[in-house]
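Note that this is a predicted model, so its numbers are computed, not measured.
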Amino acid sequence: MPLRPIHSARPSRRDVLRLAGVGGLGLSLPNLLRLRADGPSGSAGFQHGPGFGQAKSCIVLFCWGGMSQLESWDPKPEAPVEVRGEYNAIDTATPGVQIGEYLPRLAQQTEKLAIVRSCTHRARDHRQAAYWTLTGVPPIQLDGVMVSNPVLPTRGDKPSLGAMVGYVRNGNAELAGAVTLPYLIAERGLVGGQNAGFLGVEHDPLVVRPKSGNPFPGVSPLSDAPDFASIDDALLQRMRGRRELLNGLVGGTLVHENGSTTWDHFHEYAVDMLSSPQVKRAFQLDDEPATVQDAYGPHIFGQSVLLARRLTEAGVPLVTVNCGAGDLNGGIGAIWDTHFIGFPQLKEHLMPPFDMAASALLADLADRGTLDETLVVLLTEFGRQPIINQFAGRDHQPDCYSVAFAGGGVRGGQVIGRSNRLASEVEESPVGPADLHATIFHALGIDPLTMLTRPNGETLPLSEGTPIALF
């Protein structure tokens, strides 16, 4: 079940123009491929601890909507029934460590996992929490409650984790510095923190989505992205001809919807990218043995995670998989925002495919001998409240939630931090979003104090956090 980049049908003439250089919703292919002539500057003072630089790439599985820590990484079997919920805790491969019963495959893989049970921040709104999680800095608008008129993404935003890693590492010159799949996340509009912000559109992650007909196709807004699956030799010839025609007509300059860009050799490189057999091969999931495809699962979770593995092997430094089927608008679809009748949703639609895909990824990387060089991060924007609400679900809670790491030099079989008996507050070793970012940068051999420069000359570090002692 191969995944396709955005656009399920053959590109129209308008699509061809866009692929050839006329920008769309935040990402144009030539800008994506623009080489980084001036790299970011580092900062003195960062101590390279154990595990620094062991990871060559990173796969982030982002459970959009807020995964419940009580049903996943931090169950409380001794808590009152109104807290512990309908599910049991199960033993894992790590003595003394239990996780939720609907993650049985991951329970067998905990010797590869470092579970962090003490994550915390102050953003109770999805948009705010996602921005903080994906950029490492709090949003400008932070009042602890849902925002009726949310601030939409702007080019003044802090770059996303993927954009920052891609900016520093650059990756394979034929591929993007970062990739997001299977779609962008949205809630009352496109959520901020997913693009390159002030670094510019040329550093935006490439967005790909599954072909139509895949279960839970998602309804979030689309971004400009090439449809490699429908690029054939005839279309490439037409694109080259269109490029020459446009170059003669406009005298070297094309205007985007969001400004102007120079018609230069990067446009030629964009066409070369679409011609690359390596680029096309990365998206051909049918090249994988049937046993591997089956292990990941015949669903959007599994096939997206399998594609993420192939993209990192092809040279993409960081791939983010948004593990939620659909956006939050209207509260429909298989998403982790389990306010309403949450337990059946977790049991039937969320936990099984996540457990299947994530555990298959860890086992697959280990079998291929690449787990030590691939950092895997199991992430969410916040957790859920311990008291089950009147709708048989759990509401938002950023005060205490859990994430997990594997590979990339991480020492598995350990639990970092501790929550209280209700998993409502952190009791030991609090970890904020900036610390999570610093840990990822550390594993990838990137100094978190590396400075980024805004267009106005202001500088700020990749992360002001402290790497977690996972290594």
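Looking at Arg105 and Gln108, their side chains never bring a donor and an acceptor atom within 3.5 Å of each other. For the residue pair Asp447/Thr450, the side-chain donor-acceptor check at 3.5 Å is not satisfied. With 3.5 Å as the limit, one finds a donor-acceptor pair spanning the side chains of His126 and Glu381. A donor atom on one side chain and an acceptor atom on the other are found under 3.5 Å apart for Asp91 and Gln98.
Between the NE2 atom of His437 and the OG1 atom of Thr439 there is a distance of 10.0 Å, given to the nearest 0.5 Å. Here Leu311 contributes atom CG and Leu206 contributes atom CG; the two are 8.5 Å apart, rounded to the nearest 0.5 Å. Atom CD of Gln385 and atom OG of Ser424 lie 9.5 Å apart (nearest 0.5 Å). Residue Phe405 holds its CZ atom at 6.5 Å from CG of Leu375, rounded to the nearest 0.5 Å.
No donor-acceptor pair under 3.5 Å is formed between the side chain of Thr110 and the backbone N or O of Leu106. Gln109 places a side-chain N or O within 3.5 Å of a backbone atom of Ser359 that can act as its donor or acceptor partner. One N or O on the side chain of Thr380 and one on the backbone of Cys63 form a donor-acceptor pair closer than 3.5 Å. A donor-acceptor pair under 3.5 Å is formed between the side chain of Gln194 and the backbone N or O of Val191. No donor-acceptor pair under 3.5 Å is formed between the side chain of Glu428 and the backbone N or O of Ser419. A donor-acceptor pair under 3.5 Å is absent between the side-chain atoms of Asn195 and the main chain of Asp204, judged by distance alone. Counting only distance, with no hydrogens or angles, the side chain of Thr94 and the backbone of Val97 share no donor-acceptor pair below 3.5 Å. In terms of modelled atom types and a separation under 3.5 Å, the side chain of Thr374 and the main chain of Leu371 share no donor-acceptor contact. In terms of modelled atom types and a separation under 3.5 Å, the side chain of Gln69 and the main chain of Arg384 share a donor-acceptor contact. Between the side chain of Arg169 and the backbone N or O of Lys56 there is at least one donor-acceptor pair closer than 3.5 Å.
A salt bridge between Arg281 and Asp287 is absent, with no side-chain N of the basic residue lying under 4.0 Å from a carboxylate O of the acidic one. At a threshold of 4.0 Å, the pair Glu71-Arg394 counts as salt-bridged, since one of the basic side-chain nitrogens sits closer than that to a carboxylate oxygen. Salt bridge annotation for Asp399-Arg124: present, with a cationic side-chain nitrogen under 4.0 angstrom from a carboxylate oxygen. Using a 4.0 Å cut-off between a side-chain N of Lys or Arg and a carboxylate O of Asp or Glu, Glu427 and Arg418 qualify as a salt bridge.
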- List the steps, then state whether salt bridge (Lys or Arg N to Asp or Glu O under 4.0 Å) holds for Glu313 with Arg368. CA-CA 11 Å; Glu313 290 177 341; Arg368 298 170 73 84; 2.7 Å; yes
Please determine whether salt bridge (Lys or Arg N to Asp or Glu O under 4.0 Å) holds for the pair Glu288 and Arg309, giving the CA-CA distance in whole Å, both sets of side-chain angles, and the decisive distance to 0.1 Å.
CA-CA 11 Å; Glu288 293 286 341; Arg309 193 217 78 201; 2.5 Å; yes
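Leu365 places a side-chain heavy atom less than 4.5 Å from the side chain of Val376. At least one side-chain heavy atom of Val431 sits less than 4.5 Å from a side-chain heavy atom of Leu436. Using a 4.5 Å heavy-atom cutoff, the side chains of Pro352 and Lys347 are not in contact. Side-chain contact between Phe441 and Val168 is absent, with no heavy-atom pair separated by less than 4.5 Å. Under the 4.5 Å side-chain criterion, counting only non-hydrogen atoms from C-beta, Leu460 is in contact with Lys158.
Partner of Asp74 under the salt bridge (Lys or Arg N to Asp or Glu O under 4.0 Å) criterion, chosen from Arg421, Arg117, Arg84: Arg117. Applying the ring-ring contact (aromatic ring centres under 6.0 Å, His included) test between Phe354 and each of Trp336, Phe301, Phe62 identifies Trp336 as the sole match.
Pro205 and Ala196 get closest at one heavy-atom pair: CD-N, 4.3 Å. Contact detail for Gly409 and Phe471: the closest heavy-atom pair is O-CD2, 3.4 Å.
Remark: aromatic rings of Phe391 and Phe340 are close, center separation under 6.0 Å.
Taking the six-membered ring for Trp and thresholds of 30 and 60 degrees, Tyr167 and His203 have ring planes more than 60 degrees apart, a perpendicular arrangement. By the 30° and 60° cut-offs, the orientation of the rings of Phe52 relative to His48 is parallel.
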